[in-house]
Structures are given as structure tokens and as C-alpha cells.
Number of protein chains: 2
Amino acid sequence: MTVSRVVNNSRLVSASTRERVERAMESVGYIPNSIARSLVQKRTGVLALLVSDITHTWFTQLGHEVEGAAAAAGYLLVFGNTDENELTEREYAEKLSSLHVDGVLLAPASRESRETIELLQRRGIPVVLIDREVEGVELDIARGESYTPAIELTDHLIAHGHTRLGIVAGPDHVWTAQERVRGFKAALRRRGLPVPRRFVRHAQLTRSGGAEEARKLLASEDPPSAILAGNSYLAAGIVDVARERGLRIPEDLALVTFDDSEGPSEWAFYSCYEQPARAIGAAALRFLLDRLAGDRSGARRAVLRGDVRLRSSCGCLGAAPPQDHRQ
Amino acid sequence: MTVSRVVNNSRLVSASTRERVERAMESVGYIPNSIARSLVQKRTGVLALLVSDITHTWFTQLGHEVEGAAAAAGYLLVFGNTDENELTEREYAEKLSSLHVDGVLLAPASRESRETIELLQRRGIPVVLIDREVEGVELDIARGESYTPAIELTDHLIAHGHTRLGIVAGPDHVWTAQERVRGFKAALRRRGLPVPRRFVRHAQLTRSGGAEEARKLLASEDPPSAILAGNSYLAAGIVDVARERGLRIPEDLALVTFDDSEGPSEWAFYSCYEQPARAIGAAALRFLLDRLAGDRSGARRAVLRGDVRLRSSCGCLGAAPPQDHRQ
DNA sequence: ATGAAAGCGCTAACAC
DNA sequence: GTGTTAGCGCTTTCAT
């Protein structure tokens with residue numbers, strides 16, 4: 001029909017016809033079926049952002065940024081939550097690919113997410129990685145740093161006079177967790193400090209996961225006096241356990257962490273390295289839009305630098321908050 | 001083709017044929033195009049959750065719950081963020097409706113979101129409301145309470161001896177904000193306490209929005225000695241301002257709020273009424289799945305009760321945390 | 001400038 | 001059991 005012409009406002013329609021058609025559409029309450037359109041055009045105008053934990057503010061802040069930029073470019077952004085799970089991730093990829101989303105931003109659940117990515121690519125869907133590298137995959141990626149900041153944070157703890165240091169990082173299959181552990185070990189070695197195996201813990205990336213490993217860390221007879229946490233949720237879990245055991249932070253246990261928590265916390269407590277979520281999201285989307293516009297050049301990599309914020313938990317400032325009264 | 005039969009594993013295919021077809025699919029790397037399938041089946045297997053602020057943990061926790069239950073029912077959940085904005089909301093509705101999502105869970109941006117809803121319904125897409133009522137709309141809804149808890153929280157502040165109370169609620173067009181203000185006023189009136197107009201503030205639902213209105217509240221010569229905050233972000237903004245002005249909480253300013261913040265905060269500070277996000281999400285999804293299964297009965301309403309948690313910010317327990325050192 | 005017709009990849013209905 | 005056909009709602013040629 002020529003109705004299509006007016007919907008897509010081709011200029012090859014007379015004003016009279018256009019008006020006539022538009023009136024008709026109004027009266028019937030016509031809404032174009034873009035699913036049919038997609039079938040023939042092979043594009044949907046939908047982009048997907050797959051994160052590994054949607055309840056983590058870091059990801060939603062990144063997503064918020066991406067969403068705005070995507071909307072400006074005429075795309076709708078949908079969020080998917082892989083729950084740090086490779087299988088869920090693959091299911092999403094399958095569903096999204098057969099729904100023909102135009103592009104995917106992926107924070108890979110595992111450094112073995114190659115299969116997910118290949119699935120998407122086989123379908124011709126451009127993928128841009130976020131936050132985490134994937135082994136053996138050469139793809140556009142926007143991420144922060146992990147190795148260097150881990151060294152800096154560890155050095156800072158050492159500068160505070162600590163010699164028995166531990167780390168509670170994310171799962172071993174998560175790229176950033178590995179990198180942070182690598183940096184932690186490198187810093188200790190460089191100073192000639194020991195790196196006891198049992199002081200390097202991998203936890204689920206949740207508060208309770210952090211608590212669980214912190215418990216193991218602090219249970220030993222001569223526990224670390226300072227801990228590097230892989231992210232703010234892990235840090236919170238560590239604080240929970242310190243409280244359980246009557247340890248004051250930073251007096252009895254110093255703590256530094258990755259990621260600033262931008263939630264409604266009433267005061268800023270954690271000394272941390274803040275990964276620039278919004279900037280990473282923006283960079284990733286830019287890569288994706290370029291691909292969508294036909295860019296076929298080699299893989300690009302944006303590595304964004306964040307800030308170290310020194311506050312109370314490491315011992316730099318003030319005292320610890322009073323005892324918890326969480327119900 | 002009979003290929004369709006094996007893909008949808010109808011039992012009317014011989015094992016031999018099935019195997020033959022499957023091998024063929026393997027070798028070609030065939031992935032079914034569910035967009036074409038949707039075109040004829042008029043279902044996509046996709047549900048959408050439209051929230052007004054994806055960076056707010058309350059919504060993502062709710063979403064996380066919904067997602068799990070949706071997956072169990074064979075649906076993929078996508079998240080959309082309306083940014084507390086009616087226009088964005090309508091754009092999402094248009095796009096999603098023409099993409100033929102099977103159902104929508106909507107936390108309406110405004111109590112005037114009727115248009116969005118009608119758009120969806122005209123397309124035959126079942127809608128279930130979350131968290132907020134919409135004027136003149138009779139629809140399935142799962143929400144918490146606002147009026148009664150607002151009374152309880154206000155009464156609690158009064159029990160602490162306060163007589164000059166203020167409220168920093170969300171925008172006037174948000175249903176929950178209105179209800180909370182209504183409860184606040186009712187509680188004061190019942191005790192014969194004054195309700196100065198300037199003590200009732202409506203703010204953008206962000207930390208900075210809360211700070212802005214708190215500033216106005218505390219700038220007057222005889223400011224309130226206690227504040228009810230509409231949610232935890234507003235509460236955080238109020239704390240920011242209290243700190244600016246050198247006011248200690250709860251000694252100089254008592255504070256109670258809606259929503260518990262489940263982030264990585266290192267200690268629980270806010271006295272609050274916790275809306276049961278996960279239960280609300282679960283109830284809403286159940287409604288939607290019922291509709292999807294063909295339920296045509298009248299609108300249902302689930303009103304879920306939450307818990308009051310009394311902690312430090314109202315003066316019930318402990319002292320305030322030390323001064324902030326946020327960089 | 002407009003109408004007609006083909007076809008996107010699939011499923012449903014109907015033969016065989 | 002399996003092949004054939006029509007048609008989902010649109011865009012895109014190709015005529016007119």
C-alpha cells in the first residue's frame with residue numbers, strides 16, 4: 001500500500017493523499033506493526049544491554065547512561081540480567097538474537113563467554129564488551145582498569161603499615177576478579193611480603209558471598225589486618241563479619257575496595273577505587289553505534305581510568321561508625 | 001516445511017526424519033528466526049518491566065524477582081527505564097507494543113499515565129500496575145501501602161517529642177508521594193499539630209532533589225526538628241544538607257523514611273518503612289501470567305504490607321555517624 | 001504520484 | 001508421518 005509511504009514519510013506522496021491517509025489512521029487507531037517491518041527490514045531499532053547483576057548500582061548507572069545515548073540515536077535499550085551465570089547469558093543471547101536486536105552490549109558473565117559471543121556474531125549481531133575481557137576474543141571493549149588500581153590500593157594498605165593482607169575478590173571465572181588478584185599479589189611480592197594462599201579468597205559477588213569468605217579469612221589464628229575487597233558489595237559483607245567478631249574498622253581491620261557505592265548511604269565510608277561506570281557505558285555505546293553504521297575496522301579498546309578516594313575504611317580519616325543496629 | 005515440526009518438537013515426526021533435519025540444521029548453523037514466528041503466532045515470549053528509575057535498587061530488586069519467575073514461566077524479561085517521565089514512558093509503550101511484547105508490568109511515571117496504558121490496551125497487551133495507582137484506571141495492581149505507614153512514621157516522630165515536622169516527598173504527580181503526604185498530614189491533624197504549607201515539599205526522586213527541598217525546609221528561621229522522607233534517596237539528600245548546616249542526626253534533626261536501602265551501606269542508619277519490593281514484583285507477575293493464560297475476570301489488587309524498622313536516624317538507637325569525609 | 005505484486009521466515013491448515 | 005499451501009503485516013520493486 002501507499003500507506004507505507006506516508007508512515008515512513010517518503011516525499012513521494014501528495015499532501016492531499018497524505019492527509020487522507022493520516023485521517024484514516026487516526027480514526028482506526030492504527031499502530032504500525034514493527035515486528036512485520038523488522039521481518040523485512042532486518043532491523044528492530046532495539047539494543048540490548050546484558051549485565052551480570054542488575055541489582056548492582058554500578059551496572060544500572062552505566063545502563064542509565066547508555067540508555068540516554070541510545071535514545072538520542074533512535075534506539076530503544078532493553079536491559080537483561082544474566083545473574084553472573086553463563087547459561088542464563090546464553091539463553092538471553094539466543095532469545096535476543098532470534099528477536100533480531102540490532103546490537104548487544106555485554107558484560108560477560110565469565111571469561112569463557114566465548115560461546116555466547118559467537119552465537120551472537122553468527123547471527124550478524126554486533127557485540128561490544130563491557131567491563132570484562134573474554135579469553136581469546138578480539139572485540140570492541142570499553143572497560144576500566146583492575147590490575148594497576150589493585151596495586152595502588154594494596155600499596156596504600158602497606159603504607160598504612162600493614163604486613164598481613166588478604167583479598168576477597170569475585171569468582172575466579174570473572175576477568176576483573178582475576179586481574180585484581182593479580183595486582184594484589186604483584187604489589188605484595190614487590191614489597192617482599194608473603195602471599196599466603198588462604199588470604200586470597202574468591203567469593204560470589206554479593207554481600208553474603210563477601211561475608212562468607214571474610215569469615216574464612218578472619219577465622220584463622222593469625223588473620224590479615226587489612227583486606228582488599230573486589231567490589232562494594234563484598235566490602236559490605238566484610239564489614240558485616242568484622243562487626244560479628246567485634247572488630248573495629250579501620251582500627252582492627254583496614255579495608256579498601258573497588259567501586260564507589262553511589263547509593264543512598266548517609267555517609268561515605270569506604271576508601272575505594274571508583275570505576276567510571278557512566279564513561280564506560282558511553283564509550284561502549286559509541287563503539288556499538290559505529291558498528292551499526294557500518295564500521296568494519298579492527299577491534300577497538302577503551303580503557304578508562306577512575307579515581308582513588310581515600311576515606312575512613314582504610315584508616316586515612318576519622319573513626320568508624322558506631323555499632324550496627326540492623327534489625 | 002516439516003522443519004518447523006522438529007523445531008517446535010511436535011511428536012508427529014519420525015525419529016529418522018527428526019535426526020536428519022537436526023543434522024542439517026547443525027551443519028548450516030541454523031537459528032530459527034523468532035521474529036517471523038512472532039509475526040504469525042502473535043506472541044513473542046517477551047515481557048517488559050517499565051520502571052521509573054532503574055538506578056534505584058528498590059526497582060531492580062523487584063525486577064530481579066520478576067525476572068526469575070518470568071524465566072520459570074518461559075518468558076524473557078526486559079527492563080525499560082522511563083526516568084520518571086511520561087513522554088519517555090509513552091515512547092516505550094509505543095515501541096514495545098509494536099514489537100508485540102506479550103505483557104507489560106508498569107510502574108507508572110505519573111498518576112496521569114492513563115494514555116500509556118490505553119495505548120497498550122488498544123494493542124491487546126495486558127498491563128499490570130506496580131507500586132502506583134493511576135487515576136481512573138481499573139487494572140490489576142500490586143503495590144505496597146503508603147497512607148497508613150506515613151501515619152505510623154509520623155506518629156513515631158511525634159512520640160519522640162517533635163512538634164514541628166516536615167515532609168520531603170516525591171513529585172506531586174506520583175501517586176505514592178501524594179499518599180504519603182496525605183498520611184503525614186492526617187497524622188499531624190489528628191494530634192492537633194500544625195501543618196505549615198512550607199513544611200510540605202515535593203522533590204525530584206533523587207538525592208540531589210531531596211537535598212534541594214531539604215535546603216528550603218531548613219532555611220526558614222524556625223525549621224522542623226523532624227522530617228519524613230519519601231524514599232531513601234530523598235533521605236540521603238536530607239542528610240547531605242543536615243551535614244552542610246552542621247546539624248546532627250538525630251539530635252538536631254530526626255529523620256524517618258520510606259524504603260530500606262539494601263545497598264552495600266556499611267551500617268543500617270535509617271529508620272524506615274520497608275516496602276516489600278520482591279513480594280510486590282512476584283504478585284504483579286502472577287497477575288500478568290494469569291492474564292496471559294486467558295483470565296478475563298475483573299481487576300485484582302494486591303496490597304502488601306511491609307515492616308517498620310527503627311534504627312538510628314529517628315533517635316531510637318545509638319548516635320550519629322562521625323562527620324562525612326566524602327571527597 | 002500511486003497502485004499492484006512479490007516476498008521477508010515462519011506456522012497452521014489441509015491434503016496425501 | 002510428511003509435503004504443500006496460504007498468509008501474518010509490512011516494505012520494496014515494478015508498472016502505470
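Chain identifiers are assigned alphabetically (A, B, ...) following the order of the sequence lines, protein sequences preceding nucleic acid strands; residue numbering begins at 1 within each chain. None of the values given here were measured: they were computed from a predicted structure.
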Looking only at side-chain N and O atoms, does A/K42 come under 4.0 Å of OP1 or OP2 in D/dT11?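 No, A/K42 has no side-chain N/O under 4.0 Å of OP1/OP2 on D/dT11.
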
At under 4.0 Å, does any side-chain N or O of B/S4 touch on OP1 or OP2 of C/dC10?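 Answer is no, no contact under 4.0 Å.
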
Answer yes when B/R90 and B/E94 have at least one side-chain N-carboxylate O distance shorter than 4.0 Å, and no when they do not. no

Please determine if A/E133 and A/R301 form a salt bridge, counting it only when a charged side-chain N lies under 4.0 Å from a carboxylate O.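 A salt bridge links A/E133 with A/R301.
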
Axis-to-axis angle across the helix from C/dA1-D/dT16 to C/dC16-D/dG1, five pairs each end, nearest 10 degrees, ~ 40°

Rounded distance in Å - [atom1] ([X]) to [atom2] ([N]):
| X | N | atom1 | atom2 | result |
| --- | --- | --- | --- | --- |
| B/N33 | C/dG7 | CG | P | 18 Å |
| A/I35 | C/dC8 | CD1 | C1' | 13 Å |
| B/Q41 | C/dG9 | CD | C1' | 12 Å |

Go through D/dC8, C/dA1, D/dG9 for me and flag the one nearest to the A/S14 side chain.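 So the side chain of A/S14 is nearest to C/dA1.
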
If you count the non-hydrogen atoms of other residues, nucleotides and ligands that lie under 6.0 Å from CD in A/E22, is the total more than 12? yes

What's the shortest heavy-atom distance between A/D295 and A/R300, and which atoms? OD2-NH2, 3.9 Å

With a 3.5 Å cut-off and no angle check, do the side chains of A/H64 and B/D83 form a donor-acceptor pair?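 Indeed, the side chains of A/H64 and B/D83 share at least one donor-acceptor pair under 3.5 Å.
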
Distances under 3.5 Å only, N/O to N/O: pair up the protein atoms with those of nucleotides 13-16 of chain C.
{"unit_1": "C/dA13", "atom_1": "N6", "unit_2": "B/R5", "atom_2": "NH2", "d": "3.4"}

